[in-house]
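Below is one structure; the comments refer to it alone.
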Amino acid sequence: MESWLPGSSGPAEVGPRLRGLRGADLAASACLLSGAGAEAGCSAPAVAAVLPAGGSGERMGVPTPKQFCPILERPLISYTLQALERVSWIKDIVVAVTGENMEAMKCIIQRYQHKGISLVESGVTRHRSIFNGLKALAEDQPNRRLSKPEVVIIHDAVRPFVEEDVLLKLVTAAKEHGAAGAIRPLVSTVISPSADGCLDHSLERARHRASEMPQAFLFDVIYEAYQQCSDYDLEFGTECLHLALKYCHIKAKLIEGSPDLWKVTYKRDLYAAESIIKERISQQICVVMDTKEDEEHVGHRLEEMLKNELNHVKVTSGRDLQQIILEECYNFVCVNVMTSDFEETQKLLNMLEESNLSILYPVVVISVQFLDYESEPSGQKMENLMRIREFAKEVKKTNILLYGLLVYYPQVCVSQWLAKQ
Ligand SMILES: Nc1ccn([C@@H]2O[C@H](COP(=O)(O)OP(=O)(O)OP(=O)(O)O)[C@@H](O)[C@H]2O)c(=O)n1
Ligand SMILES: O=C(CO)[C@H](O)[C@H](O)COP(=O)(O)O
């Protein structure tokens, strides 16, 4: 994997871009971006993203720059990349990192299988890093490998919880207004101290907002702004929307963002990010059933009950398992009625192993078999237990935690029980 430094042979494309599998949703999003809708044909603007990731994270107070700090053993920046990668209409992602951290970044890309990422060398300030990222996308650069997008998203590498809906709103607004940025209500009142350390004036909190990231711009607008930008602004500025206003007279549209858009800045933010990730994982479960269209299947009953407890419950008969795995579900219940073979569970385990999902966190699979007590010889019962244990031992090596639940009772009871429900 080669990197690209300004002035050399162009940015390195790190692997082919894997398109997300939420195809229908995303195609619809892309059509929305066109502003014309599906009936007029889909002509979405080309969108790219620039991620400044060249800071040293002084305020965090740890030797590792915060974007590389591990959260649940995975570097923070990898979560941010993943959040952007999932958005199929973002064509290219340019990440600005220091020369010193270029190799580390390449290792992260490889280890976590990020696709379609180009690396550029960061600058000494955030604005300079962003400018380097934009140059990699601009038409006027020699040996460029990326094509100029119509709209560019700028997003801090240290804001991992960016969702597709806010990106869509920002890109749509940027197309219309030239620039758009995410905002949040102020938590504390902003005051201005005078030189003697006393209060000069304070701002009325309800009338002001915190400017967050992501932001989106017509590429030509923000690139022009950076080209015109004074050294002072490049050195001390903290606001891209301000550059668009000052140098291109573009008034950005402001879009309310979610509270999770906050920037990981202090050490405690790493713990907060970890909790959010754990919460998200624990709220998703997929019930895999062995039969397809049986509405009476016990899997559906389980689905109803789980829906009272968890936010995201999916049920599948296996056909779209690949997609569910790619959407990063970490909890599965495999329900098998009146069959003692583990074919479905085995298929799921194979897919999970191939997906490498469990590199990041353990995947939990509960294999439930409902078996007829009468017709199952007792030796077979023991054998079933042993088989699950063997499977479990095997897959634990790849961080998949398999639990087996054998439910034995006469078939007549199952039918009666189902009839009663
Ligand atoms: N020369 C710089 C400085 C910052 N950034 C990036 O800009 C984003 C937001 O900046 P900030 O939170 O200020 O990061 P740091 O500068 O690393 O933090 P600190 O101010 O605490 O040193 C981060 O993703 C950071 O890596 C960058 O690309 N190049
Ligand atoms: O807040 C911002 C938008 O306005 C930017 O995200 C940026 O993080 C500010 O940079 P810094 O923390 O380096 O001042």
Side-chain angles (χ1 to χ4, degrees), residues 5-6 49-69 71 75-81 83-84 93-102 104-105 108 117-136 153-162 166 170 179-188 190 208-217 222 225-226 229 231-246 252-270 272-273:
L5 309 179
V50 169
L51 257 76
S56 58
E58 243 178 80
R59 285 171 285 181
M60 183 145 290
V62 297
T64 308
K66 60 189 175 184
Q67 57 276 27
F68 301 117
C69 283
I71 300 180
L76 173 58
I77 191 169
S78 175
Y79 292 95
T80 318
L81 288 178
L84 292 174
I93 301 173
V94 180
V95 181
V97 280
T98 59
E100 193 189 348
N101 288 317
M102 196 64 81
M105 190 65 228
I108 291 169
I117 314 290
S118 301
L119 301 180
V120 298
E121 192 160 323
S122 56
V124 290
T125 65
R126 177 173 173 274
H127 271 332
R128 292 191 192 277
S129 297
I130 294 169
F131 195 10
N132 286 353
L134 294 174
K135 281 181 197 162
I153 292 167
I154 299 178
H155 186 59
D156 291 330
V158 290
R159 298 181 193 252
F161 303 116
V162 56
V166 76
L170 288 164
I183 52 164
R184 289 288 306 154
L186 285 178
V187 176
S188 307
V190 176
H208 293 83
R209 294 287 177 274
S211 172
E212 308 284 348
M213 284 280 163
Q215 296 173 350
F217 302 85
I222 195 67
Y226 272 96
C229 195
D231 278 346
Y232 183 87
D233 281 336
L234 282 176
E235 214 56 41
F236 300 106
T238 57
E239 181 54 78
C240 308
L241 299 179
H242 173 71
L243 299 186
L245 180 65
K246 182 170 173 186
K253 180 76 182 165
L254 304 177
I255 307 277
E256 188 82 23
S258 77
D260 289 354
L261 278 180
W262 103 113
K263 186 171 64 173
V264 172
T265 305
Y266 300 101
K267 209 167 172 188
R268 61 171 181 263
D269 294 326
L270 291 177

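Atoms within a ligand are numbered from 1 in the order they appear, just like the ligands themselves.
Closest to atom 8 (C) of ligand 1 among all protein heavy atoms lies Asp156 OD1, 3.4 Å. In terms of protein heavy-atom proximity, atom 8 (O) of ligand 2 is nearest to Lys263 NZ, 2.6 Å. Looking at atom 29 (N) of ligand 1, its nearest protein heavy atom turns out to be Ser129 OG, 2.7 Å. Annotation: atom 4 (O) of ligand 2 to nearest protein heavy atom, Glu239 OE1, 2.6 Å. Closest to atom 19 (P) of ligand 1 among all protein heavy atoms lies Glu58 N, 3.5 Å. Closest protein heavy atom to atom 6 (O) of ligand 2: Asp156 OD2, 2.5 Å. Atom 20 (O) of ligand 1 has as its closest protein heavy atom Arg59 NH2, 3.0 Å. Nearest protein heavy-atom contact of atom 25 (C) of ligand 1 is Gly55 N, 3.6 Å. The closest protein non-hydrogen atom to atom 12 (O) of ligand 1 is Lys66 NZ, 2.7 Å. Nearest non-hydrogen protein atom to atom 1 (N) of ligand 1 is Gly123 O, 3.0 Å. The closest protein non-hydrogen atom to atom 27 (C) of ligand 1 is Gly54 N, 3.2 Å.
The backbone N or O of Ser122 sits nowhere less than 3.5 Å from a side-chain atom of Ser129 that would complete a donor-acceptor pair. Checking side-chain atoms of Thr64 against main-chain N and O of Cys69 turns up no donor-acceptor pair under 3.5 Å. In this structure, the side chain of Arg184 does not engage the main chain of Ala210 through any donor-acceptor pair within 3.5 Å.
To the nearest 0.5 angstrom, Ile222 atom CD1 is 6.5 Å from Leu134 atom CG. Between the CD1 atom of Ile183 and the CD atom of Gln215 there is a distance of 11.0 Å, given to the nearest 0.5 Å. For the atom pair Ile108 CD1 and Ser78 OG, the distance stands at 7.0 Å (nearest 0.5 Å).
When heavy-atom distances to ligand 2 are checked against a 4.0 Å cut-off, His155 has no atom that comes that close, whether in backbone or side chain. Within the 4.0 Å heavy-atom criterion, both parts of Pro52, backbone and side chain, lie near ligand 1. Neither the backbone nor the side chain of Arg128 comes within 4.0 Å of ligand 1, counting heavy atoms alone. At a 4.0 Å heavy-atom cut-off, ligand 2 touches Thr238 through backbone and side chain alike. With a heavy-atom cut-off of 4.0 Å, Val124 touches ligand 1 through its backbone alone.
Exactly one of Val158, Ile130, Val95 qualifies for a side-chain contact (heavy atoms from CB on, under 4.5 Å) with Pro52. That residue is Ile130.
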Dump the intermediate steps for side-chain contact (heavy atoms from CB on, under 4.5 Å) on Lys253 and Leu241, then the final yes or no.
CA-CA 9 Å; Lys253 180 76 182 165; Leu241 299 179; over 6 Å; no
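Atoms of ligand 1 found under 4.0 Å from any heavy atom of Ser56, numbered from 1 in the order shown, are 17 (O). Numbered from 1 in the order shown, with element, the atoms of ligand 1 that lie under 4.0 Å from a heavy atom of Gln67 read 26 (O).
The closest approach between any non-hydrogen atom of Thr125 and ligand 1 is below 4.0 Å. At a 4.0 Å cut-off, not a single heavy atom of Pro65 sits close enough to ligand 1 to count as contact.
Closest approach of Ala53 to Val97, counting heavy atoms only: O-CG1, 3.6 Å. Taking all atoms of both residues into account, the shortest heavy-atom contact from Ile71 to Ala273 is CD1-CB, 3.5 Å. Across all their heavy atoms, Ala182 and Leu261 have their closest contact at CB-CD1, 3.9 Å. Residues Thr238 and Arg126 come closest through the heavy atom pair O-NH1, 3.6 Å.
Using cut-offs of 30° and 60° for the angle between ring planes, the Phe161 and Trp262 rings count as parallel.
Taking only non-hydrogen atoms, the option from Arg159, Glu212, Arg126, Met213 nearest to atom 1 (O) of ligand 2 is Arg159. Nearest to atom 7 (O) of ligand 1 by heavy atom, out of His155, His127, Arg126, is Arg126.
Dense packing is recorded around CD of Glu256, with more than 12 heavy atoms of other residues, nucleotides or ligands lying under 6.0 Å away.
Checking only distances, Arg59 does come within under 3.5 Å of ligand 2, N or O to N or O.
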